[in-house]
J.: 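This structure is in structure tokens; I'll ask about it shortly.
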Amino acid sequence: MKQIINDLLAQALRELEQSSQIPPRLGVDIQVTPSKDPGQGDFASNVALVLAKPAGMPPRELAAAIVGRLAACDSIDRVEIAGPGFINFFVASALSQSVINRILEQGDRFGGSAQGAGVKVQVEFVSANPTGPLHVGHGRGAAYGATLANLLAFVGYEVQKEYYVNDAGRQMHILGTSTWLRYLELCGETIDFPSNGYQGDYVWDIAATLHREQGERFRKPAAQAFADVCADFPQGDKERHVDDLIANAHGLLGEDEYRVVFDLALDTLVDVIRNDLHAFGVDFDCWFSERSLGDEGLIEQAITRLQDNGYVYEEGGALWFRSTDFGDEKDRVVRRDNGQTTYFASDIAYHMNKFERGFDKVINIWGADHHGYIPRVKASLSALGYVADNLEVQLVQFANLFENGEKIAMSTRSGEFVTLRQLREDVGLDAARFFYVMRKAEQHMDFDLDLAREQSSDNPVYYLQYAHARICSVRRQCAEKGIEVSTQTANLLRLDNEHEQALIKQLSLFPERVESAANRREPHLVVNYLRELANHFHSWYNAHQFIVGDTELRDARIALAAAVAQVLRNGLNLMGVSAPEKM
RNA sequence: GCGCUCGUAGCUCAGUUGGAUAGAGUGUUGGCCUCCGAAGCCAAAGGUCGUGGGUUCGACUCCCGCCGAGCGCGCCA
């Protein structure tokens, strides 16, 4: 429809140019937008305002000239000039009502498109360190990423969802050593647990599994484990304290034995995370191991490639990547003077690998605290010869958690946090998923746990679900009363009151709103849309009876309601929220 | 100090990329079930869009300064 109006306007402008009423080649994008006020028609264009100055005519006069040249069209009932010079278009009702049949025919495909056909996109999200269960802070990225992936798939992209498992770093060694120390305690050793170790109960669970399955195979005297270890906080340095403990664990157990403990902790937590996410309605296509990058020589390969391209130099015994050549604020170390490659080097290799796997577009969803990291990763891609813009980083702001009116800090280390699982069990999957994607991802968000728990019935998700349930209820009523409903005999032209007009228009907007949400990576636009749709529906429901004696009208209204239900389902489905038939 | 993300109704947030009288939810105050589900509807009240300039037919939106909030600036991951 937009396109039709656009063409009409373009044609009128060409005619004006030819008759020299306006100067040639003003070359402006014609904008056609849906109107918000029904009094302003269905669509409006501001061409006359934009062209007024270059054409040297007052906007309203120009608008009149354009309207005078508009070709007749069955789709348009009438055209009006309003305000400072807007041109408002009123769409013929027969045409707008045809959307109902289109929705009922297309079913769960309505709103989708083939915009992204043939384009491979990877969405990487969550990727939390497997050092503990996911907490509510991870929920936002999980819900956002999953919804974005659904949206992209819906508009035709070939989407792969990936979780990057940080299984190689120091944090993991702290976890492995924490597990081993708890295990020693279970063996009967007396231990002063490091303040910087992982103190959550889940570490006890893993240690217990180890003890149950392996007996005392890994037992060493506590005195040896703590031999020559730097003092812990507050007397000493808590960071060195754990590092020394890690070194002792390695030395006492030997590499192979240490690995058994380490891998048990790792595998257990990855399983926990995978299960938590699955229960949250989020499933990944690929779990990519950081450790595999080194094992398969990809890190060395990436560094060599940077070297070959001339972006690497040595200084102070370390190897540096000249990221400042690509706008980064300083150069970055890729190999330390002790010979170890940095986390950044792994990330370079990881991103290189993503593009080697053939993705046209790579979307990373990161917590806002990682924003400073973007320039160097993009720099590395440019240096490797890729198009840096094909990597897109979407930042998700933290949710501030409030409980009892106070902001609560969460720490995986101390074990003090609310898990994603607890949240879901408290408020339910639908409310939790909806809550997270309700707001724009870059917006700082306050998450009131008490409100979420105790007044979860206030969650706006129920407003949408209720609309759906009401429609299903009407259909049940018809069945109980033995009323046959047929969309074939419906006369959609009877849907002529203002509520119905508004509702039909809202339905017709769904595909473009979905596309816009996908292209802008803003799932909350779908939420806003669905709320508007539900609002129009509830107003209509309160103002009119559906089950009336006039079969032509009854069938038309029920067809419209069925179309609303279909769009609600399609929208909720994108967010991983159910559309119940009863509540 | 530099950089990123922000600042809109009492509270939580939208605002279709520069358009018409800045909108929802929640809270407050009224009204609506003899009727398909009141988890709903209708109405009222509530605003210097942080602030001061600039750009233009037109600014919540774009540019600059200032104030305030969160985050980031390591041979950590």
Side-chain angles (χ1 to χ4, degrees), chain A residues 31 33-37 39-40 44 46 49-50 52-53 58-59 82-86 88 129 131 166 168-174 239 290 315-320 329-330 332-338 340-344 346-347 367-375 395 397-398 400 438-448 451 455 457-467 469-478 480-481 483 509 512-513 516-517 520 522 524-525 527-529 531-532 534-535 537-548 554 557-558 561 582-583:
Chain A
Q31 282 184 37
T33 50
S35 318
K36 17 188 159 173
D37 184 340
Q40 295 168 357
N46 62 352
L49 290 161
V50 178
K53 194 167 192 187
F86 289 98
N88 293 333
N129 285 343
T131 53
N166 295 113
R170 174 169 173 264
Q171 296 309 324
M172 285 307 301
H173 287 290
I174 296 176
E239 301 292 345
E290 178 189 354
E315 190 178 293
L319 211 55
W320 296 73
E329 51 191 25
K330 57 169 290 193
R332 310 290 174 177
V333 171
V334 288
R335 195 198 309 281
R336 295 196 279 266
D337 55 8
N338 65 9
Q340 286 188 329
T341 54
T342 59
Y343 177 81
F344 178 46
S346 298
D347 244 2
D369 55 335
H370 284 75
H371 68 261
Y373 202 70
I374 300 171
L395 296 177
Q397 287 288 347
F398 291 124
N400 289 320
M438 216 162 61
R439 273 72 196 257
K440 197 161 49 183
E442 313 93 89
Q443 179 66 248
H444 299 270
M445 183 169 82
D446 287 338
F447 196 144
D448 190 324
L451 201 70
Q455 305 185 335
S457 65
D458 280 350
N459 192 305
V461 72
Y462 298 113
Y463 185 74
L464 309 189
Q465 293 182 320
Y466 184 52
R470 266 184 153 177
I471 295 167
C472 295
S473 172
V474 170
R475 316 249 359 198
R476 280 195 299 273
Q477 289 286 328
C478 288
E480 279 170 25
K481 292 177 182 169
I483 297 169
L509 293 176
E512 71 184 59
R513 295 286 276 268
S516 177
R520 292 166 56 171
E522 293 183 347
H524 77 282
L525 294 176
V527 174
N528 292 347
Y529 169 85
R531 193 205 293 269
E532 290 164 17
N535 185 9
F537 170 76
H538 285 307
S539 296
W540 177 49
Y541 183 95
N542 268 67
H544 303 278
Q545 281 282 315
F546 295 7
I547 303 175
V548 291
R554 181 215 302 149
R557 286 187 170 160
I558 288 175
K582 286 183 192 174
M583 296 172 66

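What's counted below: heavy atoms across the whole structure, side chains too, no hydrogens, waters or symmetry copies. Throughout, protein chains are lettered first and strands after them, A, B, ... in sequence-line order, and every chain is numbered starting at 1. All figures in this text were calculated on a predicted structure; none of them were measured in a lab.
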J.: Expressed in angstrom and rounded to an integer, what is the separation of A/F86 atom CZ from B/rA20 atom P?
T.: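 Atom CZ in A/F86 sits about 6 Å away from atom P in B/rA20.
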
J.: Are A/Q40 and A/N88 close enough that a side-chain donor and a side-chain acceptor fall under 3.5 Å?
T.: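 Absent: no donor and acceptor within the cut-off.
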
J.: Can a cation-pi geometry be assigned to A/R470 and A/Y541, taking NZ or CZ under 6.0 Å from the six-membered ring centre and within 45° of the ring axis?
T.: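 Ring-cation test returns yes.
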
J.: Using purine N1 to pyrimidine N3 plus N6-O4 or O6-N4 for Watson-Crick, or N1-O2 and O6-N3 for G-U wobble, both under 3.5 Å, which nucleotide pairs with B/rG40?
T.: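 Across all strands, the one nucleotide that pairs with B/rG40 is B/rC32.
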
J.: Base, sugar-phosphate, or nothing for A/Q477, non-hydrogen atoms under 4.0 angstrom?
T.: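 Counting heavy atoms under 4.0 Å across all strands, the contact made by A/Q477 is with sugar-phosphate only.
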
J.: Whole Å only: how far is the CD atom of A/E290 from the C1' atom of B/rA77?
T.: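 About 8 Å, once rounded to whole Å.
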
J.: Using atom NE2 of A/H370 as one end and atom C1' of B/rG72 as the other, report the distance to the nearest whole Å.
T.: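 Taking NE2 of A/H370 and C1' of B/rG72, I get 10 Å after rounding.
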
J.: By the 4.0 Å heavy-atom rule, please label A/A469 as base, sugar-phosphate, or nothing.
T.: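 Base contact - A/A469 has a heavy atom under 4.0 Å of at least one base atom.
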
J.: Judged by each residue's nearest nucleotide on RNA chain B, which is more toward the 5′ side, A/P84 or A/D337?
T.: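 That would be A/P84.
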
J.: What is the separation between atom CZ on A/F537 and atom P on B/rA39, rounded to the nearest whole Å?
T.: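 Answer to the nearest Å: 14 Å.
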
J.: Any carboxylate oxygen within less than 4.0 angstrom of a Lys/Arg side-chain nitrogen, looking at A/R475 and A/E480?
T.: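 Salt bridge between A/R475 and A/E480, a charged N being under 4.0 Å from a carboxylate O: no.
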
J.: Does A/H371 make a side-chain donor-acceptor contact with the base of B/rG3, cut-off 3.5 Å?
T.: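 Answer yes: a donor N or O sits under 3.5 Å from an acceptor.
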
J.: Provide the Watson-Crick or G-U wobble partner of B/rU12, both distances under 3.5 Å; none if there is no partner.
T.: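 Because both required distances fall under 3.5 Å, B/rU12 counts as paired with B/rA24.
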
J.: May I ask you to decide whether A/E239 forms a salt bridge with A/R170, counting only side-chain N to carboxylate O separations under 4.0 Å?
T.: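 Yes, charged N to carboxylate O under 4.0 Å.
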
J.: Kindly say if A/R470 contacts the phosphate of B/rA38, meaning a side-chain N or O under 4.0 Å from OP1 or OP2.
T.: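 So the side-chain polar atoms of A/R470 do come within 4.0 Å of the phosphate oxygens OP1 or OP2 of B/rA38, strictly under.
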
J.: Quick check: any donor-acceptor pair below 3.5 Å linking the side-chain of A/N88 to the base of B/rA20?
T.: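 Result: at least one qualifying N/O pair found.
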
J.: Need one value for A/R531: base, sugar-phosphate or nothing, where a base atom within 4.0 Å counts as base even if backbone is also close, heavy atoms only.
T.: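 If one applies the 4.0 Å heavy-atom cut-off, A/R531 turns out to touch the sugar-phosphate alone, with no base involved.
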
J.: Remember a base hit wins even if backbone is also touched, and classify A/A368 as base, sugar-phosphate or nothing at under 4.0 Å, heavy atoms.
T.: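 Result for A/A368 = sugar-phosphate.
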
J.: B/rG72 base to A/D369 side chain: any donor-acceptor pair below 3.5 Å?
T.: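 No.
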
J.: Base, sugar-phosphate or nothing for A/A467? Non-hydrogen atoms, less than 4.0 Å.
T.: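 No contact at all - A/A467 keeps every heavy atom at 4.0 Å or more from the nucleic acid.
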
J.: Within this structure, what is the CD-to-C1' distance between A/E532 and B/rA24, rounded to whole angstrom?
T.: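 Distance, rounded to whole Å: 9 Å.
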
J.: Classify the nucleic acid contact of A/H173 as base, sugar-phosphate or nothing, counting any heavy atom under 4.0 Å across all strands shown.
T.: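 The residue A/H173 makes no contact with any strand.
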
J.: Please determine whether a side-chain nitrogen or oxygen atom of A/R336 lies at a distance below 4.0 Å from atom OP1 or OP2 of B/rG74.
T.: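 For B/rG74, OP1/OP2 do not have a side-chain N/O of A/R336 under 4.0 Å.
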
J.: Whole angstroms only, please: what is the NZ-C1' distance between A/K582 and B/rA39?
T.: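 It works out to 16 Å between those atoms.
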
